[in-house]
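I have placed the structure first, in the form of structure tokens, so that the comments after it can refer back to it.
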Amino acid sequence: MSHEGSTEGSTGGAASGPPNGLEAITKGLNPPQLEAVQTLDGPLLILAGAGSGKTRVLTHRIANLIATGRATPDQILAVTFTNKAAREMEKRTAALLSALRLPGASTGNTFGSGYSLRGRMWISTFHAIGARLLREHIELLDYKTSFGIYDSGEQLAMVKKVSAALGFDEKLHPAKNFASRINSVKTDGLMPDDVKKRRHLMDDQQLAVFERYEEEMKRANALDFGDLLIKTHQLFSDYPAVLDAYRSQFRYIMVDEYQDTNSVQYKIVRLLADGHKNLCVVGDEDQSIYSWRGADIQNILSFEKDFPETKVVKLEENYRSTQTIIGAATHVIRNNTQRKDKTLFTNNPTGEPIIVREESNEYDEARFVVNEISKLFRETDVSPEEIAVFYRTNAQSRVLEEQFRSRAIAYRLVGGMKFYDRMEVKDILGYLKLILNPSDDVSFKRIINVPARGIGKTTVERIEEISNSSRISMIEATTMAIESREFNSGTTSKLRNFLNLLLSLRDEARQVSLPDLSIAVVDKTEYAKRLMTESTPEAEARLQNLEELQNAISKFAEERGEEGHLQSFLEEMALVSDADDTGGEAEKCVTMMTLHISKGLEYPVVFIVGCEEGLFPSGRATDSNDPTEIEEERRLCYVGMTRAEKRLFMTYARTRKVWGSDQMNPPSRFLKELPKEGVVQQSAMGSRPRFLEKWGDAGSEYGPQGGSGHPLMKSGGSPFPDYENAVDSFDDTASSGPAFKKGLRVRHPSYGTGSVLQVEGTGADLKVTVVFADNTVKKFVAKYARLEKA
DNA sequence: CGTACCGACCTTTTT
DNA sequence: GGTCGGTACG
């Protein structure tokens, strides 16, 4: 932030550097940053701690590559993890180059005042790059250039179709399981033939579905997310001429967030970089949080082995956060074993203490967050867009939203339920997809009777059967069925009308612009008309969403000009997922998002809510007790904490409604891993002296902070209830936090209701013995058992 | 064939 | 508490 911004108008060239006032490129960089920016040839590994100016180094390095004449913008390939990061990097590089007034800087597409790299430099995600390359060359792999991209929902629909066609019962063999199995092998780059050689990866049924799935995807001329990478790799490995062309084009390659690359991405990078080895990867093993989707932390841990000549630069100075925050985050991540040796430090001021806050339930927790935010508005000059709230799961946003709304504080959600996840939007997109790609059976099934046109389930099933048995698309199957008089005259005429509708829309697509086409779809399908006759609030909202979609399409077409056609729009819809730049909404809003999405961002004030065992770390991680899963959760905690610049709040609730019933979870182990220094423990439930003993001497140097009117625990007090000893001090009538106590009536999701027989152990080891109605006696580890008060 | 209601299952995290 | 699939009825 403070170290940002490029300096203009410097004169004279550095001796080692290129001409034309290059101090702007090197100015204000610390020694390791400088080294990274000036190491241009050969393999380079940048271990960039959180907030160490990574993006700055990358953009300056790109500028340096261009300024030294090593490469023109289109000879640089920069891969980022999200589209947002790509845009950010592009913007900042362009600004820097424009400030340098480099020769050639004005030859690009220049919009307004800036130097634009759009269309010249390759900065985007692996998936987007794959899509772009495949658009160009996929005919080599026997697909059509108009291929569609299936998101996870469409992929699941396809798996369902296949699974049903093979006669699997959805109850016994949920398509979801097949889909996740398929995705898991595909992120490792494996296709059915590979799995045949590694039969431990799938059982016969899974393999059968996988094979048929691939066959059907091919016929539908559709690619899933995994395909975008796998086919790109296949293109390169099977067609050396293509590989050679791109090898010579991309003379310099950079990969950001390298710790989150999966094995296919790794192979693609290797193929491209193998000739010149001008490969720079940047990452931080402590921020690897995507192993569940195939990211392999080994890629970064063994980079030096893969490229023996590698130069390693460590960026360890953090410019973002206070010493307190860095100290605490470091203290937490130190508990991980899968790390490189890297120590984050900062020269920033000590700053305010971290507040750890106990609340009785998730509503109080949300109220606390909102109260603190109002207080910040009142007492400091913090503005809404400087505040972020992070949570582990999207479901947690609801309660927070309620509180924000009730206190009239503007907020925005990043990620989660996306605009184009809405039914009506997906319906219209379904039409658009089908127009472009008539073999897209998933879209066909989606819209054949939307809006309702009297084509029922039986008819659709019959069409699907024909499609399956003749291995033809459902559109073709429909035509065939009509010709062979499959259906009665009523159904036949409805089907004819539907096919004619599609034909006329395809006609339209050839003649009119993208925005006009989408208007035509809404129009000719009578989609909007039906909604208008409904005149319910829901229908009203849907109409508004359609309008919003129309606006998005118009905006897209306007921005992209020639490139703004149907295909590029659909591609963008499939690949851009962060619902981030929705107009000016970001202004004056508090931001809420999952911890995962927060990676790469920074905010002066950060709240991390729901710090409880079973939620964060997630239940999956705590249940499995797999140390690698816990370590990944811990990295997630580290990521979240290091987003904060000045203030950090971490909260937990004693009870929380999960799936409609109350659960009691102990505070997150990560809270226990915080240092004593610089952390203030607060509880909204009054002081409970017994808790204080456990935390020991401690004593923070900070005095108690005002806790929005709540009684405040003295710093040094343990927030971690020792349930057994705490029973007495809990006031069950005042707080909703029940403790296990002999005789307490409890309910278990599978065993029903019973009463507590015995309580032993403390904290995370607390065990509860319960006798149930049918006299069975069970002993639970309280932490894992989903016991609730009956 | 369409709609309205009931119950199962659900929760990680995302390109 | 919310979604999706299944079922019963109009």
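Naming: A, B, ... by sequence-line order, numbering from 1 per chain. Treat the numbers as computed from the prediction; the structure is a model and nothing was measured.
- Rounded to whole Å, atom P of dT14(B) lies 16 Å from atom CD of Q259(A).
- Rounded to an integer number of Å, the gap from K657(A) NZ to dC10(B) C1' is 16 Å.
- Each of F126(A), Y258(A), Y290(A) was evaluated against F81(A); a single residue qualifies, Y290(A), per the side-chain contact (heavy atoms from CB on, under 4.5 Å) test.
- Contact annotation: N394(A) reaches the phosphate of dT13(B) (side-chain N/O to OP1 or OP2, under 4.0 Å).
- Both R620(A) and T459(A) sit near DNA chain B, but only T459(A) has its closest nucleotide nearer the 5' end.
- Taking the side chain of N449(A) as heavy atoms from C-beta on, and the options dG1(C), dG2(B), dT13(B), the nearest nucleotide is dG2(B).
- Under 4.0 angstrom from either OP1 or OP2 of dT14(B) there lies no side-chain N or O belonging to N83(A).
- Relative orientation of the F178(A) and H173(A) rings is parallel, given thresholds of 30° and 60° on the angle between their planes.
- Cation-pi geometry between K231(A) and Y143(A) is not met at under 6.0 angstrom from the ring centre and within 45 degrees of the axis.
- Rounded to whole Å, the distance from CZ on R398(A) to P on dT3(C) is 11 Å.
- Checking side-chain atoms of E612(A) against main-chain N and O of A653(A) turns up a donor-acceptor pair under 3.5 Å.
- Looking only at atom types and distance, the side chain of E613(A) has no donor-acceptor partner in the side chain of N665(A) under 3.5 Å away.
- Of the candidates dG1(C), dT14(B), dC1(B), dC1(B) carries the atom nearest the T458(A) side chain, counting heavy atoms from C-beta on.
- Rounded to a whole Å, the CG atom of D260(A) is 11 Å from the C1' atom of dT13(B).
- K599(A) comes within contact range of no nucleotide atom at all, as no heavy-atom separation falls under 4.0 Å.
- The minimum heavy-atom distance between E632(A) and S291(A), with the atom names listed, is OE1-OG, 2.6 Å.
- Taking only side-chain nitrogens and oxygens, S152(A) never comes nearer than 4.0 Å to OP1 or OP2 of dT14(B).
- One P atom belongs to dT13(B), the other to dC4(C), and the distance between them is 15 Å to the nearest Å.
- Using a 4.0 Å heavy-atom distance criterion, D151(A) is classed as making no nucleic acid contact.
- A cation-pi arrangement is found for R132(A) relative to W122(A), the charged atom lying closer than 6.0 Å to the ring centre and inside a 45° cone about the ring normal.
- Residues passing the ring pair (Phe, Tyr, Trp, His ring centres under 6.0 Å) test with H137(A) are Y246(A), sequence neighbours excluded.
- Distances shown here put every side-chain N or O of S618(A) at or beyond 4.0 Å from the OP1 or OP2 atom of dT13(B).
- At the heavy-atom level, I289(A) lies nowhere under 4.0 Å from the strands shown.
- With rounding to whole Å, Y391(A) atom OH is found 14 Å from dT11(B) atom C1'.
- Residue L601(A) contributes atom CG, which lies 17 Å from atom P of dT13(B) at whole-angstrom precision.
- Within the 4.0 angstrom heavy-atom criterion, only backbone atoms of the sugar-phosphate kind lie near Y290(A); the bases stay farther away.
- DNA chain B is contacted by both G454(A) and T393(A); G454(A) maps to the nucleotide lying nearer its 5′ end (nearest heavy atom per residue).
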Between protein and nucleic acid, restricted to nucleotides 5-7 of chain C and to nitrogen or oxygen atoms under 3.5 Å apart, what atom pairs and distances do you find?
residue : atom : partner : partner atom : Å
dG5(C)  : OP1  : K160(A) : NZ           : 2.9

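- Distances were taken from every side-chain heavy atom of K176(A) (C-beta onward) to each of dT14(B), dT11(B), dG1(C); the shortest belongs to dT11(B).
- Nucleotides dT11(B) and dG6(C) have their C1' atoms positioned 23 Å apart, rounded to a whole Å.
- For I448(A), the side-chain contact (heavy atoms from CB on, under 4.5 Å) partners two or more places apart in sequence, or in a different chain, are F444(A), I455(A), V460(A), I463(A), L495(A), F498(A).
- To the nearest angstrom, P of dT14(B) lies 12 Å from CG of L413(A).
- One atom, CG of N177(A), and another, P of dC10(B), lie 9 Å apart when rounded to the nearest Å.
- Put simply, N183(A) has no side-chain N or O that comes within less than 4.0 Å of OP1 or OP2 on dT14(B).
- Of the listed nucleotides (dT13(B), dT11(B), dG2(B)), dG2(B) has the atom at the smallest distance from the side chain of A452(A).
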